[in-house]
There are 2 protein chains.
Amino acid sequence: MHIDVFPTAGGADQEALAGKTVLIIDVLRATSTITTALANGAAAVLSVLTIDAAREAAACLPPGTFLLGGERKALKIPGFDLDNSPRQYTREAVAGKTIVMTTTNGTVAIKKALPAAKLLIASFLNARAVAREAWQRGTDIYLLCAGTRNRFSLDDAACAGMLVNYLQEMEPQARLGDLAFTLRQLYLSHQEDLPHLISHASHYQRLVDLGLEADIAYCLQQDIYHVVPWLDKEQNLIVL
Amino acid sequence: MHIDVFPTAGGADQEALAGKTVLIIDVLRATSTITTALANGAAAVLSVLTIDAAREAAACLPPGTFLLGGERKALKIPGFDLDNSPRQYTREAVAGKTIVMTTTNGTVAIKKALPAAKLLIASFLNARAVAREAWQRGTDIYLLCAGTRNRFSLDDAACAGMLVNYLQEMEPQARLGDLAFTLRQLYLSHQEDLPHLISHASHYQRLVDLGLEADIAYCLQQDIYHVVPWLDKEQNLIVL
């Protein structure tokens with residue numbers, strides 16, 4: 001088993017992803033939010049690239065069955081029901097609903113990974129469950145960090161390091177690519193104080209500037225959910 | 001001063017590089033070889049993308065004034081004078097000569113960084129001298145790792161971490177981008193045993209398989225040269 005990481009959606013090699021198990025990571029906040037929504041009983045998440053695509057998709061759904069969610073520049077999109085804060089995706093808000101979602105980085109990474117044999121949604125919140133599912137599939141695994149505006153993002157990198165570490169524990173003979181090795185080292189050196197490590201991320205600073213510390217604290221919780229969101233390509237929906 | 005790193009040539013944002021000081025890193029072996037050639041008295045290095053371009057450039061130079069160097073798949077190119085082993089670029093071989101050079105990753109990274117205000121060639125061999133020159137210029141600094149076939153490469157990453165650490169020592173107030181921060185952490189955690197760290201690089205293994213351990217040991221020597229190769233854009237030559 002070969003395990004490697006792509007540092008950004010833009011830097012990912014789609015040919016390499018074809019036929020592999022691919023884990024999408026956008027810790028702050030898209031994959032944390034998708035995980036939370038489905039853990040809290042949302043029926044499915046429809047990930048789309050643009051605001052127009054989200055509105056068009058919603059227009060085809062029966063009223064009352066869906067919510068529009070996502071962000072641009074980390075803020076709620078005008079006319080949408082929810083922003084990209086996972087703390088808004090409570091059971092009361094989302095149970096039974098389809099979430100039509102567009103975000104700046106996460107949805108781009110999901111689109112990039114469509115050639116994958118299996119596409120899973122990973123975050124600190126559900127890392128161990130996702131690692132176990134990926135490992136049980138037995139194929140090569142790529143972790144695709146969404147990054148922030150196509151730059152390497154420390155929050156995604158730390159989560160990738162934790163996932164690689166879980167995978168290496170499950171499969172000690174796995175071969176790690178250079179970035180997988182590097183991020184596992186990063187994780188092992190800082191696992192006792194991940195919030196401090198991630199406080200150096202430039203995206204972290206942007207969210208703090210917007211008063212979103214509570215979102216960050218929420219997203220850095222480890223393994224509080226045991227759900228594994230995956231993309232059902234036939235329906236084009238992320239489901240459990 | 002802002003300092004950041006791009007993990008591969010393909011992943012570099014040329015717009016972001018425009019007007020900046022850019023350090024090109026291809027430890028195993030292009031930038032180590034260019035540094036060695038110029039330290040040993042080569043007149044200049046002409047970096048070109050293709051084998052044909054190298055032969056065409058050589059055809060325009062007076063016989064006896066140049067050498068053809070480089071590699072494909074880490075091996076010497078048929079009809080060329082030298083391969084990509086820095087240990088071939090001795091004073092006896094290269095003094096006074098122009099080296100026309102093409103390599104798989106390094107020359108691609110140099111091409112990508114042409115929008116830079118100043119393009120410097122960095123390696124472990126001359127890291128401190130390059131960091132000092134970059135710092136003295138006072139502008140934002142990008143480190144561009146060549147990578148290996150457009151993948152993140154641990155050898156380049158470790159060298160980038162060492163350069164970031166030097167730069168941060170020279171400019172404690174510098175703001176580090178997420179990858180600059182990550183690779184500095186990697187370097188600080190492993191600085192006592194860099195050869196062991198870099199032995200995990202997949203490119204390292206390929207060179208070992210080709211019997212090139214001596215090249216690797218050579219390239220991992222730190223600060224043995226105090227030269228700073230830079231690209232003279234008017235002449236399109238890398239010089240001191």
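Each chain gets a letter, A, B and so on, in the order the sequences are listed, and its residues count up from 1.
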Is there a side-chain contact (heavy atoms from CB on, under 4.5 Å) between A:Arg151 and B:Asp178? Walk through the geometry before answering.
CA-CA 8 Å; A:Arg151 297 289 179 88; B:Asp178 285 18; over 6 Å; no

Out of curiosity, B:His190 NE2 to A:Gln185 CD, how far, rounded to the nearest 0.5 Å?
4.0 Å

Is the number of heavy atoms from other residues, nucleotides or ligands under 6.0 Å of B:Gln136 CD greater than 12?
yes

Chain B heavy atoms under 4.5 Å from A:Leu179: which part of the residue, side chain, backbone, both or neither?
both

Please determine whether the number of non-hydrogen atoms from other residues, nucleotides or ligands lying under 6.0 Å from atom NZ of A:Lys111 exceeds 12.
no

For B:Ser189, which atoms come within 4.5 Å of any heavy atom of chain A: side chain, backbone, both, or neither?
side chain

Between A:Ser153, A:Gly10, A:Gly177, A:Pro7, which shows the greatest number of heavy-atom pairs under 4.5 Å with chain B?
A:Ser153

If I measure from the heavy atoms of chain A, does B:Phe6 come under 4.5 Å with its side chain, its backbone, both, or neither?
side chain

Is A:Arg175 close to chain B through its backbone or its side chain, or both, or neither, when contacts mean heavy atoms under 4.5 Å?
neither

B:Phe152 CZ to A:Thr182 OG1 distance, which is reported to the nearest 0.5 Å:
4.0 Å

Of the backbone (N, CA, C, O) and the side chain (C-beta and beyond), which part of A:Ala201 lies under 4.5 Å from a heavy atom of chain B, both, or neither?
both

Greater than 12 external heavy atoms within 6.0 Å of A:Arg132's CZ:
no

Over 12 non-hydrogen atoms of neighbours within 6.0 angstrom of CZ in A:Arg206
yes

Check each atom of B:Asp13 against the heavy atoms of chain A and say whether the ones under 4.5 Å are side chain, backbone, both or neither.
side chain

I'd like to know whether B:Leu186 forms a side-chain contact (heavy atoms from CB on, under 4.5 Å) with A:Phe181, so could you lay out the CA-CA distance, the side-chain angles of the two residues, the decisive distance to 0.1 Å, and finally the verdict.
CA-CA 11 Å; B:Leu186 177 77; A:Phe181 176 87; 5.5 Å; no

